Protein chains: 2
Amino acid sequence: MGDTISGLEAHLGYWLRAVSNAVSQSFARKVEAEGVTVAEWVFMRMLFDADSLSPTALAARLGMTKGAITKLADRLIEKGLAKRKANRDDRRAQTLALTPRGRALVPRLARLADENDAAFFGALEARDRKELERILKGIVERRELTEVPTT
Amino acid sequence: MGDTISGLEAHLGYWLRAVSNAVSQSFARKVEAEGVTVAEWVFMRMLFDADSLSPTALAARLGMTKGAITKLADRLIEKGLAKRKANRDDRRAQTLALTPRGRALVPRLARLADENDAAFFGALEARDRKELERILKGIVERRELTEVPTT
DNA sequence: TATTGTTATACTCTATAACTATA
DNA sequence: TATAGTTATAGAGTATAACAATA
């Protein structure tokens, strides 16, 4: 280090971004064939398990702002994959859920995610895959990466 | 696997994106204080070593389209950090280079990149850092990740 | 007054395609 | 005809702030 000027390749962040962007772009093309984006897949997969969530709850879990959730939801609703429901107790509140068509699509998208992961990491030795997972999860835990603004 | 529906966290790509986004966003805020974006830093760091490059060459090295290079260059020129030079032999050709102010900024940005990397990976054991680097570089090599369109 | 969610705005990034000016 | 570079357009992601309705 000292007073040298670091090159791009000197940083782990550079390599991380290189691989991450490639993986995400590849996945984006796969799900595009099913008519959704990566962000929409994440949104849908979350709702698939939770059954229904408020925009605020979804924003917190995804580390996004409420405004971003509204935008995503609008798009998915227009595609007929999600719907909004009113709330009896609190008339300000909304609930987001998948439509039957949305639910039916999730398994197909999950398979594409599996394929994409296999394409990039399948060639790694099992030990390296475990190492990579352990190290990445460790960083997420340590930094509490969900500390993104949701206001 | 079988016929289960993979969750988000089942994929290495998910963890990779989580960490990569956090690292990049953190870095973006740091360089924003110096008036540039991450893409502009990469652009500038490349020109710092090469001294001058054609848009086409830069596009190939950065895995971007020529149009994207033009846009980045426009912004950096407006900020007084880069400049275009004509070419005697071929009057279609252009050459991009940093201005003195641009060159002077690079070491500051490099230090921010060092800091950012340290903030995210400094807490790792040295062995894990090496492992991470080895695995990521391996994936880049294997997949030839620079196969992005430059047309 | 505080909270829920939407709307408006803006900027970056990325990609495609049409265009110009040379060669 | 092919190439170098620019321009135009558009969609996606992200963030901020103002706003309306309700609590």
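Lettering of chains follows the sequences in order, A, B, ..., and the numbering in each one begins at 1. These numbers come from a predicted model, not from an experiment.
- Side-chain atoms of A/D114 and B/H11 form a donor-acceptor pair, as typed in the model, at a separation below 3.5 Å.
- With B/R29 contributing its side chain and B/S24 its backbone, the two residues share no donor-acceptor pair below 3.5 Å.
- Picking from C/dC13, D/dT14, C/dT7 the nucleotide with the shortest atom distance to the side chain of A/D74 gives C/dT7.
- Here the side chain of A/W15 pairs a donor or acceptor atom with the backbone of A/E9 at under 3.5 angstrom.
- C/dT6 atom P lies 7 Å from atom CG of A/L96, rounded to whole Å.
- Between the CD atom of B/Q94 and the P atom of D/dT7 there is a distance of 10 Å, given to the nearest Å.
- In terms of phosphate contacts, B/Q25 brings no side-chain nitrogen or oxygen within less than 4.0 Å of OP1 or OP2 of D/dG13.
- With hydrogens and angles disregarded, no donor-acceptor distance shorter than 3.5 Å links the side chain of B/N87 to the backbone of B/R92.
- Phosphate proximity of C/dT14 to B/T65: absent, as no side-chain N or O sits under 4.0 Å from OP1 or OP2.
- Take B/E34 and apply the salt bridge (charged side-chain N to carboxylate O under 4.0 Å, His left out) test, not counting sequence neighbours, and it matches B/R108.
- In this structure a side-chain-to-backbone donor-acceptor pair under 3.5 Å is present from A/T99 to A/G80.
- We find that CD of B/E32 is positioned 11 Å from C1' of C/dT12, with the value rounded to whole Å.
- Of the possible donor and acceptor atoms, one in the side chain of B/D117 sits under 3.5 Å from a partner among the backbone N and O of A/L12.
- The CZ atom of B/R75 sits 16 Å away from the C1' atom of D/dT7 (whole-angstrom rounding).
- Regarding contacts with the backbone of D/dT7, every side-chain N or O of B/T70 stays at 4.0 angstrom or more from both OP1 and OP2.
- At whole-Å resolution of the value, CZ in A/R17 and C1' in C/dT12 are 14 Å apart.
- Residues of residues 79-92 of chain A having a heavy atom closer than 4.0 Å to DNA chain C, listed by number: A/R84, A/R92.
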Would you tabulate the nitrogen or oxygen pairs shorter than 3.5 Å linking the protein to nucleotides 8-11 of chain D?
none

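- Every residue meeting the side chain to side chain donor-acceptor pair (under 3.5 Å) condition with B/R84, not counting sequence neighbours, appears here in chain and number order: B/D74.
- The CG atom of A/L76 sits 11 Å away from the P atom of D/dA12 (whole-angstrom rounding).
- Here the CE atom belonging to A/M46 is positioned 7.0 Å from the CG atom belonging to A/L58, to the nearest 0.5 angstrom.
- Atom NZ in A/K66 sits roughly 10 Å away from atom P in C/dT3 (whole-Å rounding).
- The end-to-end axis angle of the helix from C/dT1-D/dA23 to C/dA23-D/dT1, rounded to 10 degrees and based on five pairs per end, is 30°.
- A/A39 comes within 4.0 angstrom of the backbone, heavy atoms only, and of no base.
- Contact annotation: A/T56 side-chain N/O to C/dT3 OP1/OP2 distance is not under 4.0 Å.
- For residues 95-104 of chain B, every residue pair satisfying the salt bridge (charged side-chain N to carboxylate O under 4.0 Å, His left out) rule, not counting sequence neighbours, is listed here: B/D51-B/R103.
- Using a distance-only test at 3.5 Å, with no hydrogens or angles considered, a donor-acceptor pair links the side chain of A/K79 to the main chain of A/G35.
- Using a distance-only test at 3.5 Å, with no hydrogens or angles considered, no donor-acceptor pair links the side chain of B/E78 to the main chain of B/R75.
- For B/P55, whose side chain is taken as the heavy atoms from C-beta onward, the closest listed nucleotide among D/dT14, C/dG5, D/dG5 is D/dG5.
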